[in-house]
Amino acid sequence: MTTLQQAEAAEHALSQELDRIVVKSVIYTSGERDPRAPISRPPDDGRLYMMGHDPRLPRMPERPTLFDFFKYRFAPATHLMQSARLARKNGASEKVVLACLVHDIAISGFIRGDHGYWGAQLVEPYVDEEVSWAIRHHQALRFYADESVGYQYPAMYVKLFGADYTPEPYIERAYQYARNHKWYMTARLICVNDLYSFDPTVQVQLEEFEDIVGRNFKQPKEGLGLDASPSAHMWRTIMWPTRYL
Ligand SMILES: [Fe+2]
Ligand SMILES: [Fe+2]
C-alpha cells in the first residue's frame with residue numbers, strides 16, 4: 001500500500017467507528033491526491049453522512065464566544081496570548097493588543113496559507129476596521145524590515161523558507177500599499193510584538209484579555225458563527241469542519 005492508500009484505509013477504519021460517514025473537504029487532501037481525478041469513496045453501508053457536530057472534536061457551547069473558539073478550536077493559543085501580552089507591556093493601544101491576540105487565528109484553527117487575509121476576514125464584522133486592516137497587512141509586512149521600530153526580517157524565516165526566498169509579487173504590492181497607509185503602524189506593531197520564541201514556563205490566561213475583548217470585539221448574541229455576518233459561515237466551518245454540505 002502507498003502512504004495515501006494507508007491513510008485512506010486508516011480513515012475508512014475510523015469512519016467505521018463513527019455512526020456517520022465523514023468526508024473531508026478537498027482542501028484537506030489536495031496535494032496528497034490529484035485534484036483532477038475523481039474522488040474515490042468507500043461504500044456507505046447504509047449509514048448517514050456527517051451533518052453536524054463531529055464526535056472526535058470537543059463540542060462547542062450553544063452560543064459560542066470568541067474565547068470558546070480559543071478554548072475548543074485554537075488551543076493552546078500560547079503564541080497569540082504571549083504576543084498580546086507583549087503588546088500590552090509595550091504600551092500598545094487596545095486595538096493593537098486585540099489585533100495581536102487574534103492575528104494568527106487562521107493558522108491556529110482554519111487555513112494556514114495567506115493566514116493574514118483569512119484571519120482579517122474572520123474578525124472583520126466584529127472589530128474596528130483598523131484592527132482587521134492591520135491583521136490583513138501583517139501578512140505582507142512581516143517579510144519586510146523596518147529599522148525605525150527595530151523590526152528585522154525574521155531569522156526564523158531563513159531557517160523555514162531558505163535564504164533565497166522572496167515573497168510573491170502580490171505580497172510585495174500589498175507591502176508597498178500598506179507602507180503608505182495611515183494605519184501602517186498598527187499592522188507593523190503586530191509584527192513587532194509577534195513572538196517567535198516564547199518561554200514555555202510562562203503561563204498566560206485568556207482572562208487577562210477579557211476587558212479588551214469585551215470592549216473591542218462585538219460578540220453576536222446568537223453566538224459567533226450562528227449570526228448572519230459575512231464571515232459567520234467561516235466560524236461555522238471551524239466549529240463543524242466535516243459537515244457533508
Ligand atoms: Fe502571522
Ligand atoms: Fe504570529
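Just follow the structure's listing: the first ligand is 1, and inside any ligand the first atom is 1.
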Worksheet item: Taking the six-membered ring for Trp, are the ring centroids of W133 and H181 within less than 6.0 Å of each other?
Response: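 For W133 and H181, the ring centres are under 6.0 Å apart.
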Item to complete: Assess the pair Y144 and Y153: is the distance between their ring centroids shorter than 6.0 Å?
Response: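 Centroid separation for Y144 and Y153: 6.0 Å or greater.
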Considering just N/O/S atoms, say which atom of [X] is closest to the Fe ion (ligand 2).
| X | value |
| --- | --- |
| H79 | NE2 |
| D104 | OD2 |
| H103 | NE2 |
| D194 | OD1 |

Item to complete: Decide if atom CD of E129 counts as having more than 12 heavy atoms of other residues, nucleotides or ligands within a radius under 6.0 Å.
Response: no
Item to complete: Applying ring-ring contact (aromatic ring centres under 6.0 Å, His included) between F217 and each of Y126, F70, F67, F69, report the one that passes.
Response: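 The option that passes is Y126.
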Discussion item. Using 2.8 Å as the threshold, say whether any N, O or S atom from H138 sits that close to the Fe ion (ligand 2).
Written reply: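 Within the cut-off used here (under 2.8 Å), H138 places no N, O or S atom near the Fe ion (ligand 2).
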Worksheet item: Should D211 and R88 count as an ion pair when the cut-off is N to O under 4.0 Å?
Response: yes
Worksheet item: What is the name of the N/O/S atom in H115 that sits closest to the Fe ion (ligand 1)?
Response: NE2
